[in-house]
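Comments concern the structure below.
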Amino acid sequence: MKIATIVGARPQFIKMAPVSRELRKHFDEIVIHTGQHYDYEMNKIFFEQLNIPEPDYYLGVGSGSHGYQTGEMLKRIEEVLMKEKPDLVLVYGDTNSTLAGALAAVKLHIKVAHVEAGLRSLDKRMPEEVNRVLTDHVSDYLFAPTETAVKNLYNEGIKDRVYLTGDVMYDALLYNIKIARKHSKILDKLGLKPRKYLLATVHRAENTDNRKNLENIIEAFIDSNESIVFPAHPRTQKYLKAYGLIKQIEKAENIIITPPIGYLDMLILEENAKKILTDSGGVQKEAYFLKVPCITLREKTEWVETVEDGWNILVGADKEKLIKAIMEFEPNGETYTYKFGDGRASGKIAEALNNALW
Ligand code: UD1
Ligand code: UDP
């Protein structure tokens, strides 16, 4: 039995790490990397730090418009699948690489499994929402991280072969945080003390490609006067330069802007932050896993549990709301319902596929 894992973007490398370890106990796995992310610090560093098997195929698609990027991936993935003839294709999350992988497979009548199925923000203007919905509807095996995700699928008529497994990012965090605590020197390197800084990440299209939104966010960071560490995604770096905001950031004494950083350093920065400011899906969850208050720079989130439990607040790109939350937002600290599984989601996924496919 052969499984083709298709990945391409930063969060997918993190998600596949624990799953791949489990899959290889039962199956032959080949890894197809679309090349959506290609800079060293968006790509290779994760393979090195997380001991992920080297991709068997690197398709080198790179950046471009949605149509160009997804279309090129579809063409190139199809060629590999026709040659390799896997029994199943496994895709992760909600990027263009996810959708292209699922579509290429289903059209060749190859079974598709989706890890992180059933997430919904109910905002179709987000490219991720379109990718998720379409991928779920062509998938044969749907691995849902939460009960909410299972309900979302049920409401769309998807009832069979839905498995509630817990979240593979929780598995990845539990496995790697101990290694990170031992080896990371990031706090010393950036001159930071635990709980004396905020950690920020911004990269979603609705914030970066919209000048007013990015200006609001950066102005709030600067005006807050809090010490803020800001590892900037390449997309964000590009727009900060294009809008002339990078000069304001460099002048501001309270902002430490860095290139994207490796996962182990990221976990340590998250764990020790006073608060986290983010529009990332994965970072919202990690804040919750680590019990760090999270302020989300989006109007909606698919990770509703983090908000319901009071650990996450949605402020969009509203400058005043953001500053207020930076100053005042505090979870009550008591409500914590552990809705993301028990840290063994990857084993459950491999086991379910093992039972279903052999
Ligand atoms: C993608 C996903 C998003 C996910 C994010 C994770 C889609 C539609 N979006 O967004 O859901 O949250 O990955 O990080 O799939 N770039 C580089 N070097 C790189 C990669 C990107 O310079 O290694 C720059 C390019 O200018 C590119 C831009 O970043 O045009 C955006 O990259 P892209 O992969 O299209 O989308 P992300 O914003 O990374
Ligand atoms: N991450 C990282 N370095 C960074 C920013 C994020 O290692 O500089 C990790 C983060 O800890 C999480 C994942 O990347 O595990 C989230 O990916 P990202 O924010 O790119 O995408 P999203 O989750 O929004 O799709």
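Since this is a predicted model, take the numbers as computed values, not measurements. One-based numbering, in listed order, for ligands and for the atoms of each. We're numbering straight along the sequence, starting at 1.
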Apply side chain to side chain contact (heavy atoms under 4.5 Å, CB included) to residues R76 and T34 and explain how you reach the verdict. CA-CA 8 Å; R76 299 183 199 189; T34 62; over 6 Å; no

Taking V138 as the starting point, is it possible to reach L142 by hopping between hydrophobic residues whose side chains are less than 4.5 Å apart? no

min-distance protein heavy atom vs atom 8 (C) of ligand 1 -> N96 OD1, 3.4 Å

Do the charged groups of R24 and E29 touch, with an N to O distance under 4.0 Å? yes

For R204, atoms of ligand 2 separated by under 4.0 Å from a heavy atom: 22 (P), 24 (O), 25 (O)

Any N or O of K238 that comes nearer than 3.5 Å to an N or O of ligand 1? yes

Looking only at N/O atoms, are R10 and ligand 2 under 3.5 Å apart anywhere? yes

Side chains of P86 and I3: does their closest heavy-atom pair fall under 4.5 Å? no

For ligand 1 and N131, I'd like to know whether there is a polar contact (N/O to N/O, distance under 3.5 Å). no

Under a 3.5 Å cutoff, is there a donor and acceptor pairing between the side chains of Q248 and Y243? no

Is it possible for you to check whether K285 lies under 6.0 Å from the centre of the six-membered ring of F340, through NZ or CZ, and within 45° of that ring's axis? no

Check whether any side-chain N or O of T95 sits under 3.5 Å from a backbone N or O of S97 as a donor-acceptor pair, and report yes or no. yes

Rounded distance [0.5 Å steps], CG in N225 versus CD1 in I255: 9.5 Å

How about D123 and E129: do any of their side-chain heavy atoms sit closer than 4.5 Å? no

Note: S280, heavy atoms under 4.0 Å from ligand 1, region reported as neither

N or O pair under 3.5 Å between G282 and ligand 2: yes

Do N176 and Y263 have a side chain donor and acceptor closer than 3.5 Å? no

I need the nearest protein heavy-atom contact for atom 38 (O) of ligand 1: residue, atom name and distance, please. R235 NH1, 2.7 Å

Under a heavy-atom criterion of less than 4.0 Å, does H66 contact ligand 1? yes

Return the residue, atom name and 0.1 Å-rounded distance of the protein heavy atom closest to atom 19 (O) of ligand 2. S280 OG, 2.7 Å

What atoms of ligand 2 come within less than 4.0 Å of a heavy atom belonging to F46? 7 (O)

Relative to the ring of F143, is the ring of Y163 parallel (under 30°), tilted (30 to 60°) or perpendicular (over 60°)? tilted

Return the orientation label for the F47 and H33 ring planes: parallel under 30°, perpendicular over 60°, tilted otherwise. parallel

A student checking ligand 2 against E270 at a 4.0 Å heavy-atom cut-off should list atoms 11 (O)

Tell me which protein heavy atom sits closest to atom 3 (N) of ligand 2, plus the residue, atom name and distance to 0.1 Å. I261 O, 2.6 Å

For ligand 1, find out whether one of its N or O atoms is nearer than 3.5 Å to an N or O atom of H37. yes

Report the relative orientation of the aromatic rings in Y336 and Y288; use parallel for angles under 30°, tilted for 30 to 60°, perpendicular for over 60°. parallel

Which of the numbered atoms in ligand 2 are under 4.0 angstrom from any heavy atom belonging to M169? 12 (C), 15 (O)

Any side-chain donor-acceptor pair under 3.5 Å between S184 and D265? yes

Just to confirm my output: which protein heavy-atom neighbour is closest to atom 4 (C) of ligand 1, and how far is it? H203 NE2, 3.7 Å

Report, in ascending order of atom number, the atoms of ligand 1 lying under 4.0 Å from any heavy atom of R204. 12 (O)

Nearest protein heavy atom to atom 22 (O) of ligand 1, by residue and atom, and its distance? P234 CB, 3.3 Å

contact_flag H203 ligand 2 heavy-atom lt 4.0 Å: yes

To the nearest 0.5 Å, what is the distance between CD on E22 and NE2 on H26? 6.5 Å

Minimum-distance protein heavy atom relative to atom 18 (N) of ligand 1: D39 OD2, 2.9 Å

Whether the Q284 and T301 side chains hold a donor-acceptor pair (N or O, under 3.5 Å, no angle test) is what I'd like checked. yes

Would you say the side chains of T98 and N131 form a donor-acceptor pair under 3.5 Å? no

Heavy atoms only: which of A9, P11, G35 is nearest to atom 6 (C) of ligand 1? P11

Under 4.0 Å from one or more heavy atoms of G262, ligand 2 contributes atoms 7 (O)

Answer with side chain, backbone, both or neither: which part of E286 has a heavy atom less than 4.0 angstrom from an atom of ligand 2? side chain

P231 to ligand 2: N or O pair under 3.5 Å? no

Compute the shortest N/O to N/O distance between D279 and ligand 2 and return yes if it is under 3.5 Å, no if not. no

Do any nitrogen or oxygen atoms of D94 lie less than 3.5 angstrom from nitrogen or oxygen atoms of ligand 2? no

Can you name the atoms of ligand 1, numbered from 1 with element, that are less than 4.0 Å from a heavy atom of E128? 3 (C), 9 (N), 11 (O)

In the protein, what heavy atom is nearest to atom 1 (N) of ligand 2, and what distance, to one decimal place, separates them? M266 CG, 3.8 Å

Atom 17 (O) of ligand 2: which protein heavy atom is closest, and how many Å away? P11 CB, 3.6 Å

For atom 33 (P) of ligand 1, the closest protein heavy atom turns out to be Q36 NE2, 3.9 Å

of all protein heavy atoms, closest to atom 27 (C) of ligand 1 is S63 OG, 3.3 Å

Check the surroundings of atom CE in M1: do more than 12 heavy atoms from other residues, nucleotides or ligands lie under 6.0 Å from it? yes

From E84 CD over to D87 CG, what is the distance, rounded to the nearest 0.5 angstrom? 11.5 Å

With a cut-off of 4.0 Å, which atoms of ligand 1 are near a heavy atom of Q69? 34 (O), 35 (O)

Heteroatom proximity flag, I14 to ligand 2, N/O under 3.5 Å: no

